[in-house]
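Data block below; observations after.
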Amino acid sequence: MATHLGLIGGSGLYGLPLEGAEWREVDTPWGAPSDAILTGTLDGLPVSFLPRHGRGHVHAPGELPSRANVAALKALGVTDVLSISAVGSFREAMAPGHLVVVDQIVDRTVARPASFFGTGCVAHVSLAQPTCPRLSALAAEAAEATGATVHRGGTYLCMEGPQFSSRAESRIWRDSWGCDVIGMTAMPEARLAREAELCYAIVAMVTDYDSWLEGHGAVDVSAVLAVLAANVARGRDLALRLPGRLGPDAPGQAHPCPHGCDRALDHAVMTAPDRRDPSLVERLRAVAGRVL
Ligand SMILES: CSC[C@H]1O[C@H](OP(=O)(O)O)[C@H](O)[C@@H]1O
Ligand SMILES: Nc1ncnc2[nH]cnc12
């Protein structure tokens, strides 16, 4: 399958200078995505960019149309998705401005549709490794090439929000649960990317120390925005450096994915063919047509 990079830009990242750029409206069986999708190429590779919160930051994290976002990228032919996200840090060594290539996620969200599947067509994919190690390694290389301090590996606590955490919560996630960073958007996005058989990676930009660290004020939006403003060029630079590592002659060109992301549904669907709900199956063709 030809590689096509999808980029999901988080807080502060609402556009990218693609070649032949065009904003395209895409509809899906799960409605419209957060915004139009910017399509174009970089280093000869097809690239589709989606601002997660919409241009102008319209969508709250708990109300993101994540199923439509993932389905729209899939519909455009995307094979690999890199999320660039703002996060708070639970480690002094992961300082504001640093980049963390997330490899595990703890899901504390409570009110978000988290699957394309459901009654009438049940499926269970593995999330033991919620991000793709191949894409994550290439993203880490691209991140390092920007000159940023990059941490390879880290556990992302995904909270519901939109309010930031209490100090007690912040300390529990850090001290008892061993999490490294916190944000509000990695779930259900990572779940849905796996169900749609897309390789998915997260590069998280640290913007603050949440509220656990004595001597640092608790996080607020102005602190996050100040770090984002100083580092948005780095996020963009990282995104621009990834296509060269994924392109036709690059070693990262690897579909089938060596970790099986693009075959995640091979043994996942439980519902007997004659018991499936035809209308749900019809919608599922947009993301799971390969196995239906
Ligand atoms: C502006 S701080 C809170 C906001 O930023 C992060 O979003 P994203 O992952 O899209 O960069 C965080 O998860 C919250 O949604
Ligand atoms: N401290 C924090 N908590 C949740 N989401 C964030 N995004 C950036 N900083 C954050």
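Atoms within each ligand, like the ligands themselves, are counted from 1 in listed order. The figures that follow rest on heavy atoms only: side chains count, while hydrogens, waters and symmetry mates do not. Keep in mind that what you see is a predicted model, and the values were worked out from it rather than measured.
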So for Thr207 against ligand 2, with non-hydrogen atoms under 4.0 Å, the contacting part is side chain
Taking only non-hydrogen atoms of Gly10 and a 4.0 Å limit, the atoms of ligand 1 in range are 8 (P), 10 (O), 11 (O)
Within 45° cone and under 6.0 Å: Arg171 NZ/CZ vs Trp212 ring
no
Salt bridge (Lys or Arg N to Asp or Glu O under 4.0 Å) filter on Arg276, not counting sequence neighbours, yields none
Among non-hydrogen protein atoms, atom 5 (N) of ligand 2 lies closest to Gly183 CA, 3.4 Å
Honestly, for Ser11 the part within reach of ligand 1 (heavy atoms, under 4.0 Å) is both
Honestly, for Ile182 the part within reach of ligand 2 (heavy atoms, under 4.0 Å) is both
With heavy atoms and a 4.0 Å threshold, my read on which part of Asp208 contacts ligand 2 is side chain
Residue pairs passing the salt bridge (charged side-chain N to carboxylate O under 4.0 Å, His left out) test with at least one member in residues 107-120, sequence neighbours excluded, are Asp107-Arg191, Arg112-Glu160
Counting heavy atoms under 4.0 Å, the part of Met184 that contacts ligand 1 is both
Among non-hydrogen protein atoms, atom 7 (N) of ligand 2 lies closest to Ala86 O, 3.4 Å
* Asked: Does Val224 have a heavy atom less than 4.0 Å from any atom of ligand 1?
  -> yes
